[in-house]
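Structure, as structure tokens:
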Amino acid sequence: MPDFVAAALASAVFCLAVIALNALTRLALQAHLAPDGLAENGLVQFGGALMLAGTAYRRTTRLPGHLVGE
């Protein structure tokens, strides 16, 4: 897969993950399941989204002959 397509996919995954993690954080705060120090758009949300985007980028740029288990 070309690097441009992989980067575009990784950025889309990052944006969607930030939105989803912010929504989950908001629900957890409203249901009093999370500590008050957990804030929207915090390190937890951006860190988790960055990990998902990095995983998506690595999976789309690896060569077919170098798959795990081969």
Do any side-chain atoms of residues 11-19 form donor-acceptor pairs under 3.5 angstrom with protein atoms, and if so which ones, sequence neighbours left out?
from : atom 1 : to : atom 2 : distance (Å)
S11  : OG     : A7 : O      : 3.3
S11  : OG     : A8 : O      : 2.8

Distance check, rounded to the nearest 0.5 Å: L9 atom CG versus Y57 atom OH?
11.0 Å
Look up atom CG in L24 and atom CG in L33, then write down how far apart they are to the nearest 0.5 Å.
11.5 Å
Quick one: do L50 and F46 end up in the same hydrophobic cluster if we chain Ile, Leu, Val, Met, Phe, Trp and Tyr together by side-chain heavy atoms under 4.5 Å apart?
yes
Grab the two heavy atoms, one from Q45 and one from N22, that are nearest each other, plus how far apart they are.
CG-OD1, 3.2 Å
For A6 and T60, the nearest pair of non-hydrogen atoms, with its separation, is CB-OG1, 3.2 Å
Salt bridge (charged side-chain N to carboxylate O under 4.0 Å, His left out) involving R58 - partner list, sequence neighbours excluded:
none
Which ILVMFWY residues can you reach from M51 by hopping between side chains whose heavy atoms are under 4.5 Å apart?
none
